[in-house]
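Here's the structure we're looking at; comments come further down.
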Amino acid sequence: MHDINALIDFDQQHLWHPYSSIIDPSPTWPVSAAHGVRIRLANGRELIDGMASWWCAIHGYNHPLLNQALIKQMEQMAHVMFGGLTHEPAVELGRRLVDLTPESLDKVFFSDSGSVAVEVAIKMALQYWQAREQPGKHRLLSLRKGYHGDTFGAMSVCDPVTGMHDLFSGLLPSQLFAPTPSCAFDAPWDAMDISALTELMEQHHQELAAVILEPIVQGAGGMRFYHPEYLRQVRKLCDHYDVLWIADEIATGFGRSGRLFACEHAGVAPDILCLGKAMTGGYLSLAATLTSTHVAETLCGGSAGCFMHGPTFMANPLACAVSVASIDLLLDSPWQQRIGAIEAQLKAELAPLASHTAVAEVRVLGAIGVVEMKDAVDLRQIQPRLVEQGVWLRPFDHLIYLMPAYVIDTDELGALTHAIGQVIADS
Ligand SMILES: *Cc1c(COP(=O)(O)O)cnc(C)c1O
C-alpha cells in the first residue's frame, strides 16, 4: 500500500463498513497482511487477533494448506454454474457434512452466506407445510436475544429489539418470540426455563412452521450460553406439536463451543441445520443448509415439485475446495485439546475481572470468552486503546468478547486477556 492516507480517505468517503454511517464514519485501520493469529497493519504494526474475523478464521490467517487447496482448485476452475453441472469439491464437501452432522441430516443445500442459509431453512420449512397441505403453519418461533442474519426473513427471527424490527415494522413477517433462556450452561437445570416456550407452542402450534434458534450459544444477539436440557426440551416439544426445528449453527459449527456442533452438548438433532462462517476456515463466503430425507422428500413432493432456490454462485468450487481442506485440517488437529486449553486459560484469566465495579458478568464456553460490562462500551474510545495495546478486538453493546483462532498460543491469548484487563482497569 503506497499512500495510506489516500486509502483511508477513499474508504471513509465511499465505502460502507458493517453497521456504519456514511455521514459519520467510524475509524478503520488499513491491513496489509495477516498470518497465523497476527494482523499486520499498513503502518507496520502487528496486532494479535482475538476475533478470528467473526468466528471464521479458526486455523489463523494465511494457512499454507488452505492456500494450497485454493491454488490447486483455481488451476482447474474457479467457478461453474451448479444448474445442471456438478464437481468434486461440492461432492467432497457434501460427503463430509453428511458424515459429520447427525445421521438424520443427509440432504445439503449450498448457498453463499449465513443469512441466505437461514432464508433457505425458512423456505424449506414453509414449503414443507405447504406440501403437507397445512399452509396455515407459516410462522416461526424464535428466542429473544437471538441473531440469524440481516436479510428480511432472517431479520424477522432476530431479537425484536436489537434486530431492527422497529425500523422495518409492517414489512417483516410477524413471528413469535420466547424469552431468552436464563439457565446457565453448567447450572443445575431449572425446568421453569422452558415454560414460556412450552406455553407459546401449546397456544400457537397450529400456525407454527418451525422453531428457529442458535443452540447453546446466542452469538451476536448477546453472547449468552444456555443449558443443553433446553434443547432436549425443544426437540420434545417440536415432536409433540408437529413443528420443525431449525438449528442455526452458523456461529457455533466446527468446534467453537467445545463440540464439533453445539447440538452435540444435548445429544439431539434438528430437522434443519444451518452452517456457515468457520466452514471455509475464514477464506471465502459459503454456507449450507442441511435437512432430513423426510423433510426434503416431503417438500419436493408439493405443488412446486422442487425446492425453489438457486443462487448464482451455489457450491462455488473454490469455496467448496477450501472448505474441504479446512474441515480435514480441523479433524486432523487436536482441536478438542486446543479448545479445552483455551477455555481453561480464558476462565483463569478473565475471572478476576468479574470483581471490577464496571463489570456485570464474565462467562466462558469453549473458545469463547465474554466480559459483559454494566454500561454500553464506547467503541470509538475503546477500540484505539485496544489497538495501542497490540490486540484486535471488536466490542459491541455491553460486551468485550473474544473468540480466537484455535491455534492461538498461551502467550498470545494471555496478551489478549491482559489488554482487556487494562482497558477495563482504565475505564
Ligand atoms: C453470522 C451469523 C449469521 C449470518 O451469517 P452471514 O454470513 O453474516 O450472512 C446467521 N446466524 C448466526 C448464528 C450468525 O452468527
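Indexing begins at 1, ligand by ligand and atom by atom, following the structure's order. Computed over heavy atoms, backbone and side chain alike; hydrogens, waters and symmetry mates excluded. Starting from 1, each residue takes its place in the sequence as its number.
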So, do Phe152 and Phe168 have ring centers that fall under 6.0 Å from each other? yes

Close N/O pairs between ligand 1 and protein, under 3.5 Å:
{"residue": "ligand 1", "atom": "5 (O)", "partner": "Ser115", "partner atom": "N", "Å": "3.4"}
{"residue": "ligand 1", "atom": "7 (O)", "partner": "Gly114", "partner atom": "N", "Å": "2.8"}
{"residue": "ligand 1", "atom": "9 (O)", "partner": "Gly114", "partner atom": "N", "Å": "3.4"}
{"residue": "ligand 1", "atom": "9 (O)", "partner": "Ser115", "partner atom": "N", "Å": "2.7"}
{"residue": "ligand 1", "atom": "9 (O)", "partner": "Ser115", "partner atom": "OG", "Å": "2.6"}
{"residue": "ligand 1", "atom": "11 (N)", "partner": "Asp248", "partner atom": "OD1", "Å": "3.4"}
{"residue": "ligand 1", "atom": "11 (N)", "partner": "Asp248", "partner atom": "OD2", "Å": "2.7"}
{"residue": "ligand 1", "atom": "15 (O)", "partner": "Lys277", "partner atom": "NZ", "Å": "2.6"}

Modelled atom types, side-chain donor and acceptor of Thr298 and Arg132, under 3.5 Å: no

Looking only at side chains, do Tyr19 and Asp150 share a donor and an acceptor under 3.5 Å apart? yes

Quick one: side-chain hydrogen bond (donor to acceptor under 3.5 Å, both in side chains) partners of Gln381, sequence neighbours excluded? none

Please tabulate, for the side chains in residues 366-376, all donor-acceptor contacts under 3.5 angstrom to protein atoms that are two or more places apart in sequence or on a different chain.
{"residue": "Glu372", "atom": "OE1", "partner": "Arg363", "partner atom": "NH1", "Å": "2.8"}
{"residue": "Glu372", "atom": "OE1", "partner": "Arg363", "partner atom": "NH2", "Å": "2.7"}
{"residue": "Lys374", "atom": "NZ", "partner": "Thr357", "partner atom": "O", "Å": "2.6"}

Taking side-chain hydrogen bond (donor to acceptor under 3.5 Å, both in side chains) as the test, write out the residues that go with His265, two or more places apart. Ser257

